[in-house]
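These numbers come from the heavy atoms of this one structure, side chains and all, not from hydrogens, waters or symmetry mates. Order of the sequence lines fixes the chain letters, A, B, ..., with proteins taken first and strands second; residue numbering starts at 1 for each chain.
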Amino acid sequence: MNDDTIDNILQEYIPTCADKITDYYSEKSQYMEAPSEQFLRNMKRLIRKAKWKEKYHIPVRTGQRIAAAILMFIITTTMLTVSVDAIREKVIQWFTVVCDDYVMYQYQTDDTHEKFVPLYPTYLPENYEKTEETLQDDMLIVTYKNTTTGDVLIVGEMWIVDQDRIYENSEFDSVKDTSIHGREATVGYKEEGMTVSWREAGCRIIVDSSNLSNEEELIRVCESLRKSN
Amino acid sequence: MLMIYMTLMDDEEDKSKFEEIYHEYSKLMRYRAYEILKDQHLAEDAVHQAFLKIINNLNKISSVKCNKTKHFLVVVVERVAIDIYNKNHKKDIISYDELEEKQQIGVNSDLLEQANLNDIEKIIYQLPDTYREIFILKYSNECSNREIAKLLNLKEGTICQRLARGKEVLAERLKEVGIYE
């Protein structure tokens, strides 16, 4: 007898056999005693839980309910926490500082001025020409390019409001302290070039060069920065 | 507060599918469980546990008042009741050969006489419980092996093995009585 024959037999006779069996059970069950009070209470509770599961997807088993409640509590608490500005910023700071390897500085302006007055270099190394400028109410970014070598010099200034939090990528391989316009400045060295940064006139100024061998020229450019008006 | 609100929402008109199944079949399930366990409290425990399983498988029940649903519920409560019975009687792990000769807990000898079963149906009914319940779920309720495994708390591989073994046993018994060669 092959498998197909057995399958056919099962497909034909299982439903009819099961029908007759369950009909017999149904008939006999009419003489069953009434259930106990405890059973009725348990089933009433279970029916209620089943309704909640169908309507609101609340788990039936107590363990699952407790786990769901704890999860909801954690999510609600986290959301409430994040809604408070100061704490939210702390969270952002943590992500920025810890995850992105950034350093955070908090600035306080020690210059009083009414508006942002950008500084422009009055000295440029040989063959450098301005190729791009973005000037906004509180920011200036100018790009100068060496027409011969392709080296790039970028002067960036940002007007800092009191208590501004500034995030700087600490990607330098090494740093050196220096002085620009009598103010403390930092020279940072990395594979792609050098960066000089300092604070002046309520602004944070960054001058970035892609030419590592020209440190003296770069310092000279920084010292040459003057107000535009 | 939410729990109280949801309690108040319990409306007579808002009968869920589960509640309908309970009202329609709880007596049948209690009867079946009592036949196996011979104790009302254990039978009620078995029915309660069976309903817990059914809650998670309501999607398999399309229509409340139909024979397939009845078969399904009877298989579920039989399995729960047999598990309770085995647990209370501390059955050891046995091989498949011993499984065939194992006392069939769920077989009712009166039923063989009174339920108008033909010869093949009698043989099917007298198969070991482990094969019969899988056959009912597979060939009457059209459950997949995976669904059967989930329902009976077994691995899918075990279901496949029992299906194959069950068919062998059925074939042997049909040959013994000369129904099929």
Side-chain angles (χ1 to χ4, degrees), chain A residues 1-65 68-69 72-73 76, chain B residues 2 6-7 9-10 14-19 22 25-32 34-35 40-41 44-45 47-48 51-52 54-56 58 67-68 70-71 73-75 108 110-111 114-118 120-122 124-125 132 135-136 138-140 164 166-168 170-171 174-175 180-181:
Chain A
M1 190 179 312
N2 63 25
D3 219 34
D4 285 343
T5 314
I6 290 291
D7 264 339
N8 291 338
I9 289 172
L10 287 168
Q11 267 166 13
E12 186 181 341
Y13 289 101
I14 285 288
T16 54
C17 178
D19 282 346
K20 289 176 186 175
I21 292 169
T22 51
D23 285 345
Y24 175 86
Y25 291 152
S26 293
E27 200 186 308
K28 291 292 178 184
S29 69
Q30 300 306 316
Y31 305 104
M32 277 294 291
E33 286 176 16
S36 64
E37 286 300 319
Q38 182 66 42
F39 175 75
L40 290 172
R41 272 199 299 274
N42 289 344
M43 286 312 303
K44 202 172 169 183
R45 204 180 304 138
L46 195 57
I47 287 168
R48 197 166 53 239
K49 285 182 185 178
K51 269 193 192 163
W52 290 350
K53 184 175 192 290
E54 278 181 67
K55 276 189 182 172
Y56 310 109
H57 305 286
I58 294 174
V60 169
R61 293 188 189 269
T62 307
Q64 289 174 350
R65 286 175 150 202
M72 283 300 301
F73 175 75
T76 310
Chain B
L2 185 62
M6 283 197 270
T7 311
M9 280 178 73
D10 232 352
D14 197 18
K15 268 193 182 171
S16 61
K17 188 198 283 185
F18 180 79
E19 198 174 355
Y22 165 72
Y25 298 113
S26 73
K27 206 185 259 186
L28 165 66
M29 291 168 74
R30 278 194 303 119
Y31 167 78
R32 197 63 198 113
Y34 184 81
E35 274 231 301
Q40 189 184 356
H41 294 299
E44 287 175 353
D45 275 345
V47 170
H48 188 259
F51 272 115
L52 274 172
I54 287 159
I55 282 178
N56 292 326
L58 273 179
N67 283 341
K68 280 190 182 180
K70 218 191 266 187
H71 305 163
L73 297 174
V74 167
V75 166
N108 183 329
D110 288 340
L111 187 151
Q114 297 173 22
N116 296 321
L117 298 172
N118 62 34
I120 296 178
E121 287 166 352
K122 281 182 186 173
I124 289 172
Y125 180 66
R132 191 178 66 246
F135 285 154
I136 291 175
K138 182 94 180 157
Y139 293 97
S140 174
K167 288 178 188 176
E168 280 175 28
L170 179 62
L174 289 172
K175 269 187 205 169
Y180 282 96
E181 295 300 324

Determine the option with the most heavy-atom pairs under 4.5 angstrom with chain A, choosing from B:Arg30, B:Lys27, B:Lys70. B:Arg30

Which atoms of B:Glu44 come close to chain A, meaning under 4.5 Å heavy atom to heavy atom: side chain ones, backbone ones, both, or neither? both

Quick check on B:Tyr22 against chain A: is it the side chain, the backbone, both or neither that has a heavy atom closer than 4.5 Å? side chain

Proximal component of A:Glu33, with respect to chain B [non-hydrogen, under 4.5 Å]: both

Taking side chain as everything from C-beta outward and backbone as N, CA, C, O, which of these in A:Gln30 sits under 4.5 Å from a heavy atom of chain B? Side chain, backbone, both or neither. both

Smallest separation among heavy atoms of B:Lys167 and B:Phe135, with atom names: N-CZ, 3.6 Å

Given a strict heavy-atom distance threshold of 4.5 Å, which part of B:Leu58 is in contact with chain A: side chain, backbone, both, or neither? side chain

Are the aromatic rings of A:Tyr13 and B:Tyr139 close, with centres under 6.0 Å apart? no

Only counting residues at least two apart or in another chain, list the ones meeting salt bridge (charged side-chain N to carboxylate O under 4.0 Å, His left out) with A:Lys28. none

So which atom in B:Lys122 and which in B:Leu117 form the shortest heavy-atom distance, rounded to 0.1 Å? CE-O, 3.4 Å

Assess the side chains of B:Tyr31 and B:Glu35: does a donor N or O sit below 3.5 Å from an acceptor N or O? yes

With a 4.5 angstrom heavy-atom cut-off, which part of B:Asp45 approaches chain A: side chain, backbone, both or neither? neither

Residues passing the side chain to side chain donor-acceptor pair (under 3.5 Å) test with A:Gln11, sequence neighbours excluded, are none

